[in-house]
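A short write-up of the structure that comes next.
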There are 2 protein chains.
Amino acid sequence: MEFSQAKNKFIQSWGALGSQWGINKTMAQIHAFLMISPESVSMEEIMDELKISRGNASMNLRSLIDWGIVYKDFKQGERKEFFYAEKDLDELAIKISRERTKREIKPALKVLKEVSAIDANATEKEKHFKTQTCALYNFVSKADNAIEKITEYNDNWLSKLLKRLLT
Amino acid sequence: MEFSQAKNKFIQSWGALGSQWGINKTMAQIHAFLMISPESVSMEEIMDELKISRGNASMNLRSLIDWGIVYKDFKQGERKEFFYAEKDLDELAIKISRERTKREIKPALKVLKEVSAIDANATEKEKHFKTQTCALYNFVSKADNAIEKITEYNDNWLSKLLKRLLT
DNA sequence: TTAAACTTTCAAAAAATATTGAAAGTTTAT
DNA sequence: ATAAACTTTCAATATTTTTTGAAAGTTTAA
């Protein structure tokens, strides 16, 4: 396979994968493109490579920056902004995990805590509801703690985890 | 909070959470409803509770069954089908993890293997592409193995994991 | 201050995704 | 074999999400 083919395949696949994870396709594609760019890249270049509009590029770059996985680079003597991706994969995974925890796990826990607090004396249905939502709360809490622990020492956490699991 | 309020809140929140994960809202809501139903439930009841059409119910129930997290129940003397959810959370998480691995991680690994195989002698860009995609391949492989290991012994894997991490 | 070189915003348009509902299909009872 | 009681399918429709592009906003240089 040629480089340009491989590059396209990588960007397209990353975009498709992103969609399945509730991340918009363009955002994932921009990230893919930045991941494989050795130098930081201007908005113009991104628009050109991915064939997207300026507005689209601007908004998705902003999202990536909000997620903390893309940074701005101000080059000496250049007026325009350049962008580069967090390339350390341990760091990338930690940032994504922290962000998703904040956006999804914490709110889910809040809801579970609330709804599991009903007093369930009356019917079988109510008792079962309470049992299940309490169990879910405990499970999600544990998962949350586990993720926290795993990524606590950011340096090489995945290798460390694997080692511990294999002993 | 009253039971019926709590029930609604739970179903709605679970649906919203599903959307963020690339799972369709109705599918997540049906799952939520089945999770809190002590008895298995007919399609009619699901349509009624969630205010959805027969077609929608049918298709999403099928998806849930394909994922292996909802089962059919044929009741004595009843012609219609009833449905119930996998309620053991360890088992549920394992099934979801296996399914997503199969659908997403394996294909991603395949692409990464392919594109990282280019020979990158010419430019800086090509070298960097190779470096990055190889690194990604390794990282994703490790993550895949870790998940495999963690869920290997399905019984109470999350608690076991937490214990190991805390020592 | 002005204007050039940029970036951001957001209403409108396009694209993607989910939902409906009725026709077609299936199963079971008689 | 017929019909009643169901479920599935899928073209049409509705909804949601993404994308565009031009106007408004910002920054820098002269």
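Residue numbers start from 1 in every chain, and the chains themselves are labelled A, B, ... in the order their sequence lines are given, proteins ahead of strands. The structure presented is a predicted model; accordingly, all values stated were derived computationally and were not measured.
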Inset, instruction - Grab the CG-P distance between B:Asn60 and D:dT7 for me, whole Å please. - result: 15 Å
Inset, instruction - Keeping to residues at least two apart or across chains, list the side-chain hydrogen bond (donor to acceptor under 3.5 Å, both in side chains) pairs with something in residues 118-135 of chain B. - result: none
Inset, instruction - Compute the ring centroids of B:Phe10 and B:Trp14, then answer whether they are less than 6.0 Å apart. - result: yes
Legend entry - Heavy-atom neighbours of A:Phe74 CZ exceed 12 at 6.0 Å: yes
Inset, instruction - Rounded off to whole Å, could you give me the CG-to-P distance for the B:Asn56 and D:dC10 pair? - result: 16 Å
Legend entry - Pairwise 5' ranking along DNA chain C for A:Met59 and B:Met27, keeping only the more 5' one: A:Met59
Legend entry - Most 5' of A:Lys51 and B:Gly55 on DNA chain D, judged by nearest nucleotide: B:Gly55
Legend entry - Distance, rounded to the nearest Å, where A:Met47 contributes CE and C:dA5 contributes P: 16 Å
Inset, instruction - State whether A:Asn24 places a side-chain N or O below 4.0 Å from either non-bridging phosphate oxygen (OP1 or OP2) of D:dT19. - result: yes
Inset, instruction - Find the distance B:Trp21:CH2 to C:dT17:C1' and express it as a whole number of Å. - result: 20 Å
Legend entry - Interatomic distance, B:Lys72 NZ vs C:dT27 P [rounded to whole Å]: 10 Å
Legend entry - side-chain N/O A:Ser58 vs C:dT7 OP1/OP2, d < 4.0 Å: no
Legend entry - Rounded distance (Å) that lies between atom C1' of C:dT8 and atom CD of A:Glu81: 10 Å
Legend entry - Candidates D:dT7, C:dT19, C:dT8 - which lies nearest the side chain of B:Met43: D:dT7
Legend entry - Between P of C:dT8 and CD1 of A:Ile46, the distance in whole Å: 11 Å
Inset, instruction - Determine: side-chain N/O of A:Thr26 to OP1/OP2 of D:dT18, distance under 4.0 Å, yes or no. - result: no
Legend entry - Phosphate contact (C:dT7 OP1 or OP2) by A:Arg54 side-chain N/O below 4.0 Å: yes
Inset, instruction - To the nearest Å, give me how far apart CG (A:Leu50) and P (D:dT19) are. - result: 11 Å
Could you pull out the protein-nucleic contacts involving nucleotides 24-28 of chain D (nitrogen or oxygen on both sides, under 3.5 Å)?
residue, atom, partner, partner atom, Å
D:dT28, O2, A:Arg79, NH2, 3.2

Legend entry - Parallel, tilted or perpendicular: ring planes of B:Phe129 versus A:Phe3, cut at 30 and 60 degrees: perpendicular
Inset, instruction - Give me the one residue out of B:Thr26, B:Leu34, B:Asp66 that meets side chain to side chain contact (heavy atoms under 4.5 Å, CB included) with B:Leu61. - result: B:Leu34
Inset, instruction - Verify the neighbour count for atom CD of A:Gln5: are there more than 12 heavy atoms of other residues, nucleotides or ligands below 6.0 Å? - result: yes
Legend entry - Side chain of A:Ile52 (C-beta onward), nearest among D:dT20, D:dT8, D:dT19: D:dT20
Legend entry - 5′-ward residue of the pair A:Glu78/A:Lys25 relative to DNA chain C: A:Glu78
Legend entry - Non-hydrogen atoms of B:Lys7 and B:Ile36 that approach each other most closely: CG-CD1, 3.5 Å
